[in-house]
Amino acid sequence: MKLKMPLQPPDPKFDLRGIGAEVNCLHFSCTAPAPCTPLLFSGVASGLIHVWNINTRRVITVLDGHDKKSVYWTQTLCSKDSLLSQGRDLQICTWNLSEGRNEVIDSIHMESFGFCKCSLLNTDPLLLAMPGKESSQVQVLDLLSKKTVSSMNPNANNRWGMAMAMHLWKPESGSSPMLLVGYENGSVALWNVLEHRLVSQITCHTDPIMSLDFDCKHSRGVSGSAENVLSVWNIDEQQNIKVYKTQVIVNPGIADIALRPDRKILATAGWDHRIRIFGWKTMKPLAVLQYHKATVHSVSFSDHISPEDRLLAAGSKDQRISVWSIY
């Protein structure tokens, strides 16, 4: 009887090198139809943002606007010609990239020294969630006017520590955007933005939350921490957060989590140098991708419209970006 050998994990489709610094964050912009160029933005520890042409696998331009301080979040606005970047210089920069430009046209000063990444909601007006001045405080700004839409802070009895991760979203029903925040004490909280009100909160980790992502269509989210556990939780009809599944992984430390736009799979970035792929519906482990030689800081799925074009990128402390084509 001939035994079937288990399928081996794939190799990267390609990798991107020559970056010269740890890769902290990644963001794709690939929705524009041809002949527009699909792009990947990478923010690195030296304060630079590399703009990659995915077709040629080469850098188009390098953005330098954070005074050599680490960049740890990037996000395009309504098109790839406008970019937000967040750095350890406490600045959130707005870039104009149209017609070959690479200039900072606006900036917002942050008062938080933590590592919590901002979250953008592409509505009218554009809303930006960011950590506040106080330890557990979070706030939402109208990005264009820079006016504070909401400031949310637990009461004095709730010692949650710093905000560590957040996700701003708009339910299909209801007028107010909602903000999910993962905190230093391992809890996840749901805030009503316009009412400045804490809706629900649950402790789902024993260590600080490092990352989270949320599926607003199915009201289900996932969070990771320094532990070796992924916590999957949902928001019920009464808007209570409830943990309904935990997924144990081999080694501790989940630096980043990303759900693919079609909500079929999710990827995690591991301190153990590995990228893990799970089925989102059941959390079934699908693959462990091994390429990097140091901590993987970031994972990001491309937003290609055509499924066969979709990619996964991972950025690492080893100063490389691996790009994968899976499922």
Side-chain angles (χ1 to χ4, degrees), residues 5-13 15-16 19 21-26 42-45 70 72-73 114-117 161-162 164-165 167 182-188 202-214 220-233 243-260 264-301 311-324 326-327:
M5 297 297 290
L7 292 174
Q8 295 297 311
D11 292 324
K13 185 173 183 178
D15 65 359
L16 304 173
I19 298 165
E22 296 183 26
V23 181
N24 294 327
C25 60
L26 298 166
S42 60
V44 303
S70 184
Y72 57 98
W73 179 73
F115 290 91
C116 183
K117 300 176 182 179
M162 291 189 298
M164 302 293 289
H167 184 89
Y183 288 93
E184 193 175 3
N185 73 336
S187 67
V188 174
I202 190 169
T203 300
C204 44
H205 297 275
T206 58
D207 287 331
I209 289 177
M210 307 300 294
S211 58
L212 62 81
D213 204 352
F214 184 68
R220 186 155 53 111
V222 57
S223 52
S225 72
E227 306 162 278
N228 65 332
V229 170
L230 283 169
S231 179
V232 185
W233 31 269
V243 175
Y244 78 94
K245 185 178 180 64
T246 55
Q247 178 69 47
V248 177
I249 59 176
V250 175
N251 298 313
I254 299 166
D256 196 20
I257 298 172
L259 280 163
R260 198 166 70 179
K264 290 185 177 180
I265 60 175
L266 77 96
T268 64
W271 292 0
D272 63 356
H273 316 171
R274 292 169 173 82
I275 306 151
R276 289 179 169 81
I277 309 297
F278 298 87
W280 177 225
K281 186 175 181 179
T282 63
M283 287 302 294
K284 178 183 178 181
L286 300 177
V288 178
L289 308 180
Q290 300 185 52
Y291 169 78
H292 293 285
K293 302 184 185 307
T295 295
V296 181
H297 289 315
S298 177
V299 284
S300 179
F301 285 103
L311 300 169
L312 167 66
S316 171
K317 186 179 179 179
D318 65 11
Q319 306 183 9
R320 295 182 181 183
I321 299 169
S322 59
V323 181
W324 310 74
I326 51 175
Y327 309 110

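Computed over heavy atoms, backbone and side chain alike; hydrogens, waters and symmetry mates excluded. The model shown is predicted, which means the values in this text are computed figures rather than measured ones. Note that the numbering runs from 1 along the sequence shown for the chain.
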If you look at every heavy atom in [X] and [Y], which pair is closest and at what distance?
| X | Y | value |
| --- | --- | --- |
| His292 | Ser316 | ND1-CB, 3.3 Å |
| Val188 | Ser223 | CG2-OG, 4.3 Å |
| Ala165 | Ser211 | CB-CA, 3.9 Å |
| Ala313 | Ile321 | CB-CG2, 4.3 Å |
| Leu26 | Ser42 | CD2-CB, 3.6 Å |
| Cys116 | Tyr72 | O-CE1, 3.7 Å |

For [Y], is there any backbone N or O sitting under 3.5 Å from a side-chain donor or acceptor partner on [X]?
| X | Y | answer |
| --- | --- | --- |
| Asn185 | Gly161 | no |
| Asn251 | Asp272 | no |
| Arg320 | Lys293 | no |

Looking at side-chain heavy atoms only, is the closest gap between [X] and [Y] below 4.5 Å?
| X | Y | result |
| --- | --- | --- |
| Val232 | Trp280 | yes |
| Leu312 | Val299 | yes |
| Phe301 | Ile265 | yes |
| Tyr183 | Ile209 | no |
| Asn24 | Ser298 | no |
| Ile254 | Ile249 | yes |
| Ser70 | Glu22 | no |
| Ile257 | Met210 | no |

To the nearest 0.5 Å, tell me how far [X] [atom1] sits from [Y] [atom2].
| X | Y | atom1 | atom2 | value |
| --- | --- | --- | --- | --- |
| Arg260 | Ile277 | CZ | CD1 | 9.0 Å |
| His205 | Ser187 | NE2 | OG | 10.0 Å |
| Ile275 | Trp324 | CD1 | CH2 | 5.0 Å |
| Met283 | Leu266 | CE | CG | 5.0 Å |
| Gln319 | Leu16 | CD | CG | 13.5 Å |

side-chain contact (heavy atoms from CB on, under 4.5 Å) between Trp233 and Phe214: does it pass, once the steps are laid out? CA-CA 9 Å; Trp233 31 269; Phe214 184 68; 3.8 Å; yes
In sequence, state the C-alpha distance, the side-chain angles, and the governing distance for His297 and Val23, and then conclude on side-chain contact (heavy atoms from CB on, under 4.5 Å). CA-CA 7 Å; His297 289 315; Val23 181; 5.9 Å; no
Before you tell me yes or no, could you show the steps for Phe278 and Thr268 under side-chain contact (heavy atoms from CB on, under 4.5 Å), namely the whole-Å CA-CA distance, both residues' side-chain angles and the distance that decides it to 0.1 Å? CA-CA 9 Å; Phe278 298 87; Thr268 64; 4.1 Å; yes
May I have the step-by-step check of side-chain contact (heavy atoms from CB on, under 4.5 Å) for Arg276 and Val250, ending in yes or no? CA-CA 11 Å; Arg276 289 179 169 81; Val250 175; 4.0 Å; yes
